Amino acid sequence: MDKLLIEGGVPLAGEVSISGAKNAALPLICAALLTDKPLTLANVPHLNDVTTMLRLLAQMGVDVTLDEKNSLVLDAGGLNKPEAPYDMVKTMRASILTLGPLLARTGRARVSLPGGCAIGARPVDIHIRGLQAMGAEIRVEQGYILAQAKRLRGARIFCDQVTVTGTENLMMAAALADGVTVIENAAREPEVVDLADCLNAMGAKVSGAGGDIVTVEGVERLGGAAHRIMPDRIETGTFLVAVALTGGRVRLNGTRCGILDAVVEKLRKAGAMIDCHKDTIEISAAGPLNAVSLRTAPYPAFPTDMQAQFMAMNCVARGAAVVTETIFENRFMHAQELRRLGADIEISGNTAVVKGVPRLDGATVMATDLRASACLVVAGLVARGETLIDRIYHLDRGYEHIEEKLMQLGARIRRVH
Ligand code: EPZ
């Protein structure tokens with residue numbers, strides 16, 4: 001079991017390249033199922049979740065190759081098994097994103113229900129109800145979603161919760177439906193827009209993505225396309241927090257402020273200096289930060305995937321901060337680990353009060369989920385002495401070579417087996 005060993009106290013300096021977005025790559029890979037022509041994706045991040053999704057599609061009969069420019073070429077012309085088995089879905093919930101495309105392309109799908117997840121129940125009822133509204137017959141048996149539809153038909157669908165993958169699943173299903181689909185209370189995340197752009201390049205007719213009403217006029221078939229995956233805004237935010245916490249000056253390449261304005265605004269309030277350019281961000285910070293309260297909510301509000309990293313930042317800031325998590329019901333597991341480093345955090349329900357302490361002291365801690373792992377890394381970078389982080393397989397799901405990137409910036413961090 002790999003661990004990460006960090007010696008804190010080094011201000012980060014230099015340049016780092018931000019990878020393609022995990023949460024854009026996963027739905028974009030599934031979009032390949034909608035056509036029998038090749039879909040080429042550039043800027044694909046090398047992540048365990050991406051590898052899992054590619055394995056999942058390969059066992060369905062999709063041809064997966066890397067071309068000479070390190071772009072992914074997906075060809076679902078040979079799709080012959082519209083199934084997502086439990087042993088693969090249990091390691092990655094985003095497998096649910098194959099349901100809509102498989103149903104739209106082949107008329108049937110057998111997808112394992114995503115299991116439970118550390119951060120919350122994360123049901124997929126909105127995905128299922130939306131597909132039923134489009135005429136799919138769906139039953140759930142022995143932990144599998146069994147779906148069939150001769151041809152999906154356009155429908156008006158209201159999502160009673162804003163759901164990112166729900167919006168993406170329904171958008172992909174609607175692309176090949178007969179008639180027009182209107183998705184109301186749709187997710188507005190940039191990853192939804194990135195998917196819509198790719199679908200339209202494949203010949204779909206999606207409009208309104210990025211707003212809360214998305215309209216999809218179904219077409220008979222989709223063609224191939226070449227699409228470059230947008231930058232990862234959560235990796236961007238994670239590195240911005242790491243620099244703010246440790247001080248120093250870093251330039252982030254291959255990313256932009258406009259996909260995480262709420263995070264940039266909070267970091268400026270905390271005292272970091274941030275310059276935004278077309279596809280780079282420069283950040284510098286010195287001295288103690290101001291505590292910043294936050295409340296997570298769907299985009300464009302403050303992202304839940306940055307909540308843990310900001311909790312770590314507030315642990316050593318001046319003053320007290322109130323952190324409210326409104327998206328997931330159990331996303332404070334990192335607090336207990338931060339306390340082991342000396343943090344002062346009081347939790348009641350979905351609200352945590354973080355009182356800044358003069359410093360954190362290194363200790364052995366355990367990662368519990370993907371973003372909690374990132375929170376422990378940034379805490380380790382500022383804690384005095386050594387921090388050893390266990391169960392970092394969570395981290396590898398969503399961050400490409402994070403310790404190499406941090407080492408390039410001067411961090412004293414290494415993977416120990
Ligand atoms: C996506 O998950 C992201 N994953 C998550 O990132 C992110 O935290 C989340 O959106 C919120 O922004 C991917 O894009 C692959 P939701 P998703 O459906 O789509 C409830 C990370 O760290 N809900 O937007 O699964 C649900 O329980 C991951 O990269 C229903 O009730 O999240 C939650 O409370 C973690 N019924 C809320 O909606 C449904 O059918 C938002 O969930 C669907 C969702």
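Order of listing sets the numbers, starting from 1, for every ligand and every atom in it. Every value quoted in this text rests on a predicted model; they were computed, and no experiment measured them.
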Find all protein N or O atoms under 3.5 angstrom from an N or O atom of ligand 1 and list the pairs with distances, or write 'none'.
unit_1   : atom_1 : unit_2 : atom_2 : d
ligand 1 : 2 (O)  : Arg122 : NH2    : 3.3
ligand 1 : 6 (O)  : Asn23  : ND2    : 3.3
ligand 1 : 6 (O)  : Asp305 : OD2    : 3.0
ligand 1 : 8 (O)  : Asp305 : OD1    : 2.6
ligand 1 : 8 (O)  : Asp305 : OD2    : 3.4
ligand 1 : 18 (O) : Thr163 : OG1    : 2.7
ligand 1 : 19 (O) : Thr165 : N      : 2.9
ligand 1 : 19 (O) : Thr165 : OG1    : 2.6
ligand 1 : 22 (O) : Arg371 : NE     : 2.9
ligand 1 : 24 (O) : Val164 : N      : 2.9
ligand 1 : 25 (O) : Arg122 : NH2    : 3.1
ligand 1 : 29 (O) : Lys22  : NZ     : 2.9
ligand 1 : 29 (O) : Asn23  : ND2    : 3.0
ligand 1 : 29 (O) : Arg371 : NH2    : 2.8
ligand 1 : 34 (O) : Ile327 : O      : 2.6
ligand 1 : 36 (N) : Pro123 : O      : 3.4
ligand 1 : 36 (N) : Asp125 : OD1    : 2.7
ligand 1 : 40 (O) : Pro123 : O      : 3.4
ligand 1 : 40 (O) : Asp125 : N      : 3.1
ligand 1 : 40 (O) : Asp125 : OD1    : 3.3
ligand 1 : 40 (O) : Ile126 : N      : 2.8

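- In this structure, a donor-acceptor pair under 3.5 Å is absent between the side chains of Arg139 and Tyr144.
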Verdict with reasoning, Glu191 to Arg233, per salt bridge (charged side-chain N to carboxylate O under 4.0 Å, His left out): CA-CA 9 Å; Glu191 292 77 18; Arg233 62 193 167 97; 2.7 Å; yes

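- Judged purely by distance below 3.5 Å, without hydrogens or angles, the side chains of Thr52 and Thr91 never pair a donor atom with an acceptor atom.
- Applying the 6.0 Å contact sphere to CD of Glu83 captures more than 12 heavy atoms from other residues, nucleotides or ligands.
- Under the side chain to side chain donor-acceptor pair (under 3.5 Å) criterion, Arg156 pairs with Glu184, not counting sequence neighbours.
- Other residues, nucleotides and ligands contribute more than 12 heavy atoms inside 6.0 Å of the CZ atom of Arg415.
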